[in-house]
Amino acid sequence: VKRGIKMKGLKKNVLKWFDKDRKTAELSLQIWNNPELAMQEEKSSQILCDWLHDEGFQVNKGIAGMPTAFLGTFGSKSPVIAFLAEYDSLPGCSNKVLPRRQPIIERGPGHGCGHNLIGAGNTASAISLKNEMEKLGISGSIRVYGAPAEELLVGKVFMAKQGLFDDCDAVLTSHPAWENAANANANLSLISTEFTFFGQSSHAPLAPESGRNALDAVQLANVAANMRQKNMARGTVIEYVISEGGHQPNMVPDISKVWYFVRHPEVDLVKDSYIRLLDLVRGAAIATGTTWKEQFITGCYGYLPNESLGKLIFDNARIIGAPVFSKQEKQFATMIRKNYGLSEIENPFHEDLRFKKGGLEMDSQDDGDVSWICPLGRINYAFPIGIPFHSWGFTAVSGSSIGQKGMMFSARTLAATAADLLTHPDLLKDIKKEHEKRTKRFRYVSLLPNQTKPITKEFMKLHTKTQC
Ligand SMILES: [Zn+2]
């Protein structure tokens with residue numbers, strides 16, 4: 001145990017709270033059993049709101065213009081320590097808790113990113129703190145930000161733009177990954193935007209000259225984007241889906257939509273590539289005689305690391321100890337890996353603890369914005385190595401005892417970390433000093449153009465063929 005942190009007072013009490021806790025596991029499975037897509041998380045957010053309300057938090061629902069977003073607060077004094085809750089699932093990821101592909105509902109949604117664990121686990125940390133702070137008379141504020149549509153990088157970006165994180169002293173969160181690690185590294189900034197091309201429908205062979213093909217415009221834009229990507233800043237990633245093609249082959253498609261993600265570690269280079277992308281879209285429209293409009297969906301920053309906070313989380317993770325998996329759990333993990341065509345390895349789990357700093361993760365998270373506003377700390381926990389995120393295997397593990405062990409490890413670690421922050425002002429001071437240093441010449445400006453509205457559940461219904 002480093003830095004003279006001793007197990008006493010609030011930290012000891014908080015960890016004891018977890019020994020009696022059964023609710024976290026129960027609610028995480030409730031959310032898993034009722035997977036809801038982005039902006040449709042009505043039951044999932046309600047489960048967490050009810051829990052917070054029952055435990056004495058003040059709960060405001062529908063914040064930042066999103067019906068399934070909420071803010072749970074306790075206390076009014078400083079410091080303000082916040083936790084992030086997520087609870088959205090992914091289309092097509094439905095699966096039973098089995099080491100093979102077997103959907104519960106064919107093409108149905110599933111927790112293919114483990115957000116059922118993040119929602120329940122991070123909320124549990126907040127509740128444990130609130131209860132034990134009250135008993136010990138320790139002052140400070142605890143918050144839970146219930147953030148919808150994380151999978152589409154939406155919820156926290158809109159909260160951040162509204163300034164909802166401006167008075168936080170530290171924000172803590174967790175995520176399943178392929179290893180147990182306290183994180184102080186960067187990831188990718190992102191812009192998500194959709195273009196609709198408008199053409200003219202016509203009987204394709206009978207009256208070709210009257211047609212203007214919107215799908216051709218989409219395809220041209222995509223070909224151009226794939227070509228141009230090679231001459232964008234190194235490391236630029238462009239992904240897209242054709243969200244609408246057309247009706248049937250003998251009708252020239254008069255409306256087609258393409259939805260792009262543009263990513264790069266540097267936010268300015270994402271903006272730059274986005275401007276290039278607009279050129280390509282314009283060019284595709286000119287070439288096909290179509291018109292177009294844009295729906296800007298979201299944009300988020302990559303993570304700003306905070307090593308002081310990462311180190312504190314790491315120290316606490318070592319006190320808690322990494323999850324230990326049983327023989328059956330290892331067999332389960334080995335089977336899933338096999339079913340993804342991954343080669344056999346001695347241990348399908350990372351069972352160590354790491355402190356990751358200075359690296360780059362090839363993902364984006366919508367709390368990237370938060371990390372530039374105030375110090376953000378993250379703990380990851382081990383899922384079987386190599387099992388793809390956003391896929392059926394991740395859903396299976398998120399509903400299994402493996403997921404539960406990781407969630408409880410992260411919930412305890414973050415609660416213990418927050419206990420340190422509340423009782424050791426010097427630690428929080430160092431963390432804030434590092435954040436100030438890293439943001440010295442930086443002013444947070446949201447990537448969302450003014451007037452951008454969060455996507456709605458209707459958007460999701462149109463864009464996923466998933467039954468929710
Ligand atoms: Zn996720």
Side-chain angles (χ1 to χ4, degrees), residues 28 31-32 35-41 44-45 48 66 68-69 83-95 109-123 144-159 171-181 183 185-190 192 237 239 261 263 297-298 300-303 356 360-371 376-400 402-404 406-407 409-411 414 455 460 464 466:
S28 74
I31 296 172
W32 188 89
E36 294 170 304
L37 295 176
M39 295 302 178
Q40 301 175 6
E41 314 98 329
S44 306
S45 61
L48 298 177
M66 297 174 286
T68 52
F83 296 86
L84 304 174
E86 293 163 13
Y87 30 78
D88 56 331
S89 68
L90 285 159
C93 285
S94 172
N95 213 75
H111 274 285
C113 203
H115 291 189
N116 62 311
L117 305 172
I118 301 173
N122 291 1
T123 303
V144 178
Y145 289 84
E150 199 291 325
E151 296 298 1
L152 294 173
L153 298 310
V154 170
K156 297 172 209 95
V157 177
F158 284 81
M159 295 180 181
V171 178
L172 299 171
T173 192
S174 58
H175 206 292
W178 294 331
E179 58 194 350
N180 305 300
N183 273 278
N185 48 15
N187 68 354
L188 303 177
S189 178
L190 167 147
S192 163
V237 180
E239 302 141 283
F261 276 16
R263 313 195 207 216
I297 293 167
T298 189
C300 67
Y301 284 70
Y303 278 131
K356 292 176 83 176
L360 174 71
E361 301 281 334
M362 291 304 287
D363 70 337
S364 310
Q365 302 269 332
D366 70 356
D367 42 10
D369 285 43
V370 181
S371 71
L376 176 80
R378 294 173 293 137
I379 180 88
N380 287 352
Y381 44 94
F383 269 28
I385 295 165
I387 301 301
F389 292 67
H390 297 187
S391 177
W392 63 266
F394 230 76
T395 304
V397 179
S398 297
S400 76
I402 299 166
Q404 293 293 318
M407 173 182 71
F409 157 75
S410 74
L414 293 187
I455 52 165
M460 287 305 289
T464 59
T466 296

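These values consider heavy atoms only, across backbone and side chains, with no hydrogens, waters or symmetry-generated copies. Just so you know, ligand 1 is whichever comes first in the structure, and atom 1 is the first atom listed for that ligand. Keep in mind it's a predicted model, so treat the numbers as computed, not measured.
- Under the 3.5 Å distance criterion, the side-chain polar atoms of N116 are matched with a main-chain donor or acceptor of S28.
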Decide yes or no on side-chain contact (heavy atoms from CB on, under 4.5 Å) for Y303 and Q365, but give the supporting numbers first.
-> CA-CA 8 Å; Y303 278 131; Q365 302 269 332; 3.3 Å; yes
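- The side-chain heavy atoms of H175 and C113, taken from C-beta on, include a pair separated by under 4.5 Å.
- Residues that satisfy the salt bridge (Lys or Arg N to Asp or Glu O under 4.0 Å) test with E41, not counting sequence neighbours, are absent from this structure.
- Contact check for T68 versus Q40: no side-chain heavy atoms found under the 4.5 Å cut-off.
- For the Zn ion (ligand 1), the nearby protein N/O/S atoms, meaning those under 2.8 Å, are C113 SG, H115 NE2, H175 NE2.
- Only one option out of N185, L414, V171, L172 pairs with R378 in a side-chain contact (heavy atoms from CB on, under 4.5 Å); it is N185.
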